[in-house]
Novice: 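Pasting in a structure now, in structure tokens, and then I'll have a few things to ask.
To find a chain, count down the sequence lines: A is the first, B the second, and so on, and within it residues start at 1.
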Amino acid sequence: MTDLLKLSGVHTNIGRYHILQGIDLAVPQGQVTMLLGRNGAGKTTTLRTIMGLWQASSGEITFGSERIESRATPDIARLGVGYVPESMAVFSDLTVKENLVLAARDGPLDDTQLDWIFGFFPALRRFWLSRAGSLSGGQKQMLSIARAIIEPRKLLLIDEPTKGLAPAIVMALIECLKEIKRKGATILLVEQNFFAARELGDSVLVMDNGTIVHRGEMADLAADVPLQERLLGLSLEAHQ
Amino acid sequence: MMILSGDPPRSRVLTLVLVVIILALAATPFLFPGAKALNVAAKICVFAALVASYDLLLGYTGSVSFAHTMFYGIGSYAIAIALYGMGPNWAAVATGIVVGLPLAALLALAIGLFSLRVAAIFFAMITLAVASAFQVLASQLSWLTGGEDGRSFQLPELLRPGTVLISKNMFGFEINGRILTFYLVFAVSAMMILALLRVVNSPFGRVLQAIRENRFRAEALGFRTVFHLTYANCLAALVAAGAGVLNALWLRYAGPDTSLSFSIMLDILLMVVIGGMGTIYGAIIGATIFILAQNYLQSLMGVASKAASEAGLPLLPGLLHPDRWLLWLGLLFIASVYFFPSGVVGRLRHGGGDKGVGTSH
Amino acid sequence: MTELAASDPLPKPKRDIAPILLPIALALLMIPLIGSTSSWLTLTAASLAMGMMIFIMASGLTLVFGLMDVLNFGHGAFIAVGAYIATLVFAPFAASVQADSLLVNLAVLAPAALLSMAVSGALGLVVERVLILPVYGQHLKQILMTTGGLIVAEQTLYALWGPQIIPMPLPASLRGSFILGDVAIAKYRVLAMFIGLAVFIAIQLVLNRTKLGLLIRAGVENREMVEALGYRIRRLFLGVFMTGSALAGLGGVMWALYREQVHASMSDELTVLIFVVVIIGGLGSIGGCFIGAILVAMVANYGGFLVPKLALVSNILLMVAILMWRPRGLYAVTSR
Amino acid sequence: MTLSLETRDLTIRFGGHVAVNNVSCTFRPGELTAIVGPNGAGKTTYFNLISGQLRASSGSILFDGTDITLQSAPLRTRAGLGRAFQLTNLFPNLTVEENVRLAVQAASGTHYDMLRPWMVRRDLVARADAILDQVALGNRRSVAATTLSHGDQRKLEVALMIALEPKVFMFDEPTAGMSIDEVPVVLNLIAQLKQDKSKIILLVEHKMDVVRSLADRIIVLHNGQLVADGQPAEVIASPVVQEAYLGVAPKSAA
């Protein structure tokens, strides 16, 4: 299997902070790669660095056959990378429709694609002409994801999509992401919700203090409770 | 050290330059005879104080005000109107001060409470708008201000040039009322600058710097930053009005061009940036450099312009004309903000081997 | 494109119409105060015309601030440059300007306005690259740099054209008034109103109906995300900056014709006026800017008629009153 | 009367999103309460509501018998609510000592003293130096705060709060982003502060080991709601925490 995205020796400094301290990772084509780790471990910074929103101070980032570590964000996006930030970043002053019109960069909205998205997120059809700012948190998250998949992208970078969402919505999201994966997308997904991670992930990377501290198959990690506890700092005592 | 409030220049070169400037100013009546030199020296004193008060705002709180000449003008006009209306006596001088200074402070209080709550950019725009309205007001209320002509007035007997205090045959120099006025200007300006130095190095002054650095955190420490900024604004206005009083006393005149115009505001901005923001000492350096240049380089420009026009060069005579002085200042201003943001004092301190930031021990 | 009927009621946000009602209420309130209906109509027309011109000049400033968080203290320079450039066209064609034919007049006026817009737009390009690019995100330095730019531009105008006031006569066919009963409305004001309204509608259409407009509105809110969707926002910004500068140039020409003179210091005077307008409107809001411009013009015209002395400080009083009501202006832009 | 801090039905909405939803909770002196919950649960927002950086949409906050819901942040700080921030929040170009001195000065009520240079206030200087020694930053006192390492900046952040001499200490992830060897210094400091039984200590923390070692009580926020409150052992073991922390239950995902 080929790797769609590869980072080697990536360091990122933000101001005086040395956040990423040598990241090596690979995202295989057609898989969902989970990026786990506790708060402040550098997960969001990793995604932002890939996206070019923060400049890597050293190291190489390869997307397909292109080196992208010193490219500008719009150019990286145009290579086929979709980004769903942690803050969702929907344009709250624009309607749902307008948000999606902007996201469909190269032409008018594609009806079949749209119907497919509405299948997962009926709320978006319902609030089609409402300001995105008036949506609930879960609906904003759906819009944010819809924006990233309205046109086929080669790679999706998704940052904690289930954060702060009610369980039912989390389920819908998981289903949607599975479907996107079936359609052949490659996803790098930051997640703190371990069950969501277990449901979706093929392979897993765990970060701490700006480096990758574990890499392996999701299934292996899911089966190894002591390892989970050691890596994620979570207690699973109640399940024992 | 206490007179400098524990904040010495912290650079040998800077100390030397400051000492030379101050000694030269103090000895101007004896070293450089002639009305022009004395005028230049007095103007340096007045502007050093005015710029230092502006530095309290710009350098220590990080707020850009365009209303500083308004306060300067209030001081100038107050004393001018009082002396014009009440005649050349000391009661008029006192009235001008007692009315002008509080008026300036009150106006600063109003502007501060009104606009310092929100972003710094609002403050800049609002002060610009208020200052321009004031300027229009001053030129329209001509029964009070003399309109575009301004107000000329007589000084009290003691301060007039004709009053000889110590005749020439005593020391070989004549000490007259004019020279006494100069020393009055010199002493009051020096006092105001020392007072400002005291303020910026007081616990209060440290809070101002804290607000400049991180207003959110200053609030979280329990400082009500709007009040601190407003006090600073009032203090700056008071000193500016004080400088305005001195300016009017020296010129025996107050008018829109000498005390209110927008170009004075730009001069102040330039002086504070050239001298070095957030240092107070920068005001002395900036004022000295700027006013010397203004008085001596401007005539040089005239010569160059004439030469260029005789040589038949296109455009150049117009650009070098002494009236285009501001054009070059503007370019200099942009260049100094861009390449030289810490000003002369910052450069001297940095080059002077001082590694500490803020106050050293 | 799919146009889907909403099956459920949409949670429409309440439209904030209080600011829109403000100028209407003010105008109605003035009817009894002014007494004569014809004077009121004349003054109202004058206010609208003046307001439109101010809006044209201020719109670029507020848009640039909203989009890129840059406050250009030198915006007034574009206005003056626009006016001066127009004199270049007017002077050699003085005869055509004075010809009593609308077509002949317009044949001079239109190219003059276009040239002014082109030159001030080009100047905008230079200013953005040279003065603003190095100081993005630093308000203090932005204020200082652009103030410096204003001085330089103004002084250059003095150097090139001299300190004297240059007359800028209205073309012959635009002089005089339309008389409707006992109401006289100056022809030029009607034209100014027409152009101003056209510019406002054009801006609104672009912002609301085109993808470019969506991009600008989205960029005002979240620049990073627009980039992450693959749009090069730097170019977009430069385009907006140049458009804003060009509009300022157009406003300059119109203002010069309104005053029938050009002077380098007009940039100072107008800088203050447009600042008041964008503060009142809410920094970054086009709609607020439009209402703010009309309000400022109304206060100036009605105030000048009722209490001439007050006219000097009327702008400041208006600003104080509005900010007491809404401390961030009529329409506060959400993201800042 | 003993010190008390209470939130009643505290709620804040951002647009359609309810970030903190009807949280009622009373904090008692001598008790270290850890506030836990997954990312986005509303912990920091809850802190911001208590310390006054945000204004509640509804509900109230009572501190020491007074309703402080509408008070500004500076007034709450003066009343005794001390806060250390999650993202380091200092005066970057002032020296380390000046940073602390400002907090000491605020605590001493010296706000508008402008006639004396600061060095004359030896009391302020001495107290600032003592606190710097306490957090092991004494040797860095005259460098600019911005030049400190991340861990040292966190310590300085805590020093500022100690200098305020608050009645309530609010720590927002005090060890976030610290290297392993720096963590114990901060934890020891918190343990020391715990000795004073008259203070209320609130701690937002992700690391369960830290919570377990320090907390007397845990409250759990999830989607803005208070879902558990009690002894550390029982709260950590409760299913609701498992769900909040680890996501939807496995059977529903199947």
Novice: What part of Arg83(D) gets within 4.5 angstrom of chain B, counting heavy atoms only: side chain, backbone, both, or neither?
Specialist: backbone
Novice: Is it the case that Asp113(D) and Ser202(B) place a side-chain donor and acceptor less than 3.5 Å from each other?
Specialist: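 Result is no, nothing qualifies.
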Novice: Do any N or O atoms from the side chain of Arg127(D) and from the backbone of Val104(D) form a donor-acceptor pair under 3.5 angstrom?
Specialist: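 The answer is no, because no donor-acceptor pair under 3.5 Å joins these two groups.
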Novice: Strictly by modelled atom types, are Ser5(B) and Arg198(B) linked by a side-chain donor-acceptor pair under 3.5 Å?
Specialist: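 Side-chain D/A pair, Ser5(B) to Arg198(B): present.
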Novice: Among Leu160(D), Thr110(D), Thr77(D), which residue forms the greatest number of heavy-atom pairs with chain B at distances under 4.5 Å?
Specialist: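 Winner by heavy-atom pair count: Thr77(D).
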Novice: Relative to chain D, which segment of Phe223(B) carries a heavy atom at a distance below 4.5 Å: side chain, backbone, both, or neither?
Specialist: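 It is both, since atoms from each part get that close.
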Novice: Where on Ala195(B) is there a heavy atom nearer than 4.5 Å to chain D: the side chain, the backbone, both, or neither?
Specialist: neither
Novice: Who among Leu90(D), Leu124(D), Leu102(D) has the most heavy-atom pairs with chain B under 4.5 Å?
Specialist: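 Top count of heavy-atom pairs under 4.5 Å with chain B: Leu102(D).
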Novice: Side chain, backbone, both or neither: which part of Leu235(B) has an atom under 4.5 Å from a heavy atom of chain D?
Specialist: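 Contact with chain D involves the side chain of Leu235(B) alone.
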Novice: Answer with yes or no after comparing the ring centroid distance for Phe85(D) and Phe216(B) against a 6.0 Å cut-off, counting only values under it.
Specialist: yes
Novice: Quick check for you: to the nearest 0.5 Å, what is the distance between Phe71(B) atom CZ and Ser65(B) atom OG?
Specialist: 6.0 Å
